[in-house]
Amino acid sequence: MSSSGTTALPRPLGLLAELTHRCPLGCPYCSNPLALDPRHDELDAATWARVFKEAAALGVLQVHLSGGEPASRRDVVEIMASAHAAGLYTNLITSGVGVTKERLAALADAGLDHVQVSIQDSEERSADHIAGYEGAFARKRALAADVVALKIPLTINAVIHRANIARVEDLVTMALDMGASRVEIAHVQYYGWALQNRAALMPTREQVDAAVGAVEALRKRHHGRIVIDAVVPDYHARFPKPCVGGWGRRSLNVTPAGKVLPCHAAESIPDLEFWSVKDHSLADIWISSPAFNAFRGTDFLPAPCQTCERREIDFGGCRCQAFALTGDARATDPVCQLSPHHDRVAELAAQHEDRSYSYRRM
Ligand code: SF4
Ligand code: FES
């Protein structure tokens, strides 16, 4: 690690470890790229163990074992044990399908600290339809019960879109009934598969306003019983989110095949050069790789960000969204009401199509 680089750079806090892109579910808003990594390209457990040690040395505190479905890997328990041995706080992000009671117990013995289960809807038929997998809802509920029985903290992640936005209250009630300590009302972000399905997923302005009001009321009603995390969905916001806490500032994302990305959708920006953990240490990648340095800081931002007092708060928004909507990854995120392209966002937010989903499949 070069001394000049480390003093100037922030240290990452979180590592998203995408162990595999394989997943039994086919959610139409999956954040994985459209071109999924095949099984034969996946990093082996020994390489993940090295990556976790390097991450801890770099300052990372938390690792999110994700996918796809991380339990699609036969060696997920061994991988979990190596993350724990590296001193990282471990979070398993799971669809709930493929994690049996026995496997969960083995993961707990290996050092599992926290589980996040995704839920597609509070109504079983709708939930299974959205997941593209019959029986998913029942298996998720069973896993959540097993997690709580083992006294492992549980977060329910409810991805919100037009088909389920009317049931935000039911989803929070369900998370409480399941024994979760936290529920994320996570509006769909339009990258990857969700971008393909945007018009089928996009809620109306009226639905969004009602959901925002519902969350405020639910927070008051359930204060002290469950933490409710929610943000206004991008296309209906006035200012963008500080995506990934700022490019190359807080987190790293390692793909199943070993490429290291500044965010999960970074591969959607053409001409970025990503380095792999197969060829470089994580510290080298963090400090010197072209992709991590492409949009670090705020110097590259155009007007109106350059003179805006929010530029150290939101870093001009999301680079992937700026590219998806303007063709220029350096542009102000068009979600911002000050962006010259903001009208385009309003136009897209008003486009709704009642058509079947294009499911995410390998
Ligand atoms: Fe953020 Fe740029 Fe909009 Fe200011 S102009 S709020 S820095 S995106
Ligand atoms: Fe890539 Fe926001 S998803 S910067």
Side-chain angles (χ1 to χ4, degrees), residues 10 12-16 18 27 29-35 64 66 93 157 159 184 186-198 201 231-255 259-275 285-286 289-346 348-349 360:
L13 300 175
L15 175 80
L16 184 74
E18 291 180 351
C27 305
Y29 45 71
C30 181
S31 62
N32 288 159
L34 299 181
H64 307 278
S66 177
I93 300 181
N157 171 263
V159 179
E184 294 176 347
H187 290 270
V188 166
Q189 309 275 323
Y190 296 100
Y191 316 110
W193 295 84
L195 198 57
Q196 300 269 97
N197 286 294
R198 183 170 53 200
L201 295 167
V231 286
V232 176
D234 274 0
Y235 281 47
H236 294 90
R238 290 191 305 140
F239 293 113
K241 60 186 181 294
C243 198
V244 288
W247 186 274
R249 267 184 94 245
R250 290 260 177 264
S251 59
L252 308 123
N253 182 7
V254 183
T255 69
K259 269 194 250 176
V260 188
L261 318 178
C263 71
H264 59 272
E267 287 172 289
S268 65
I269 301 175
D271 305 325
L272 281 184
E273 183 187 331
F274 303 105
W275 288 4
I285 295 171
W286 178 254
S289 71
F292 273 83
N293 285 303
F295 310 115
R296 259 197 176 120
T298 53
D299 288 351
F300 70 89
L301 284 168
C305 299
Q306 266 321 316
T307 52
C308 178
E309 60 188 17
R310 287 180 57 89
R311 73 181 182 284
E312 296 299 330
I313 299 171
D314 64 27
F315 311 100
C318 173
R319 295 305 95 219
C320 301
Q321 191 147 264
F323 176 77
L325 298 180
T326 72
D328 178 5
R330 293 174 176 267
T332 297
D333 185 338
V335 162
C336 179
Q337 61 183 352
L338 304 173
S339 156
H341 302 285
H342 186 63
D343 288 353
R344 177 79 184 125
V345 173
L348 292 167
R360 168 240 204 255

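Whatever order the structure lists them in is the order used to number ligands and atoms, beginning at 1.
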Looking only at heavy atoms, what is the nearest atom pair of [X] and [Y], with distance?
X	Y	value
R250	V244	CB-O, 3.8 Å
S66	L16	CB-CD1, 3.8 Å
A294	W247	N-NE1, 4.3 Å

- Identify which one of C318, P240, S339 satisfies the side-chain contact (heavy atoms from CB on, under 4.5 Å) criterion when paired with P334.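 In the set C318, P240, S339, the residue that makes a side-chain contact (heavy atoms from CB on, under 4.5 Å) with P334 is S339.
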- Message: So if I apply the side-chain contact (heavy atoms from CB on, under 4.5 Å) rule between E267 and each of L261, N253, N32, L272, which one comes out positive?
- Response: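 Considering L261, N253, N32, L272, a side-chain contact (heavy atoms from CB on, under 4.5 Å) with E267 is found only for L261.
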Out of all atoms in ligand 2, which are within 4.0 Å of some heavy atom of [X]? Include the element for each.
X	result
Y191	2 (Fe), 3 (S)
C263	1 (Fe), 3 (S), 4 (S)
C243	2 (Fe), 3 (S), 4 (S)
C318	2 (Fe), 3 (S), 4 (S)
R319	4 (S)

- Item | Test item, D333 contacting ligand 1 (heavy atom, 4.0 angstrom) |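 No; D333 lies far enough from ligand 1 that no heavy-atom distance drops under 4.0 Å.
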Going by the atom numbers of ligand 1, which of them fall below 4.0 Å from some non-hydrogen atom of [X]?
X	answer
R311	7 (S)
D314	1 (Fe), 6 (S), 7 (S), 8 (S)
F239	6 (S)
R310	6 (S), 7 (S)

How many angstroms lie between [atom1] in [X] and [atom2] in [Y], if you round to the nearest 0.5 Å?
X	Y	atom1	atom2	result
Y191	L34	OH	CG	14.5 Å
F239	L338	CZ	CG	5.5 Å
I269	C320	CD1	SG	4.0 Å

- atom 2 (Fe) of ligand 1: nearest protein contact (heavy atom, Å):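 Its nearest protein heavy-atom neighbour is C305 SG, 2.3 Å.
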- Item | For atom 4 (Fe) of ligand 1, the protein heavy atom that lies nearest, with its residue and separation |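 Result for atom 4 (Fe) of ligand 1: C308 SG, 2.3 Å.
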- Side chain, backbone, both or neither: the part of P240 lying under 4.0 Å from ligand 1 by heavy atom: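 Only the side chain of P240 comes within reach of ligand 1.
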- Over-ring placement of R249 relative to F315, 6.0 Å and 45° cut-offs: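 Judged by the rule (NZ or CZ under 6.0 Å from the ring centre, within 45° of its axis), R249 is not positioned above F315.
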- Under 2.8 Å: N/O/S of C336 next to atom 2 (Fe) of ligand 1: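 No, since none of the N, O or S atoms of C336 sits under 2.8 Å from atom 2 (Fe) of ligand 1.
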- Among D234, D314, D333, which residue meets the salt bridge (Lys or Arg N to Asp or Glu O under 4.0 Å) test with K241?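 With K241 as partner, salt bridge (Lys or Arg N to Asp or Glu O under 4.0 Å) holds for just one option, D234.
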- Query: Got a sec: is C320 within less than 2.8 Å of atom 2 (Fe) of ligand 2 via an N/O/S atom?
  - Reply: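 For C320, the answer is no, given that no N, O or S atom comes within less than 2.8 Å of atom 2 (Fe) of ligand 2.
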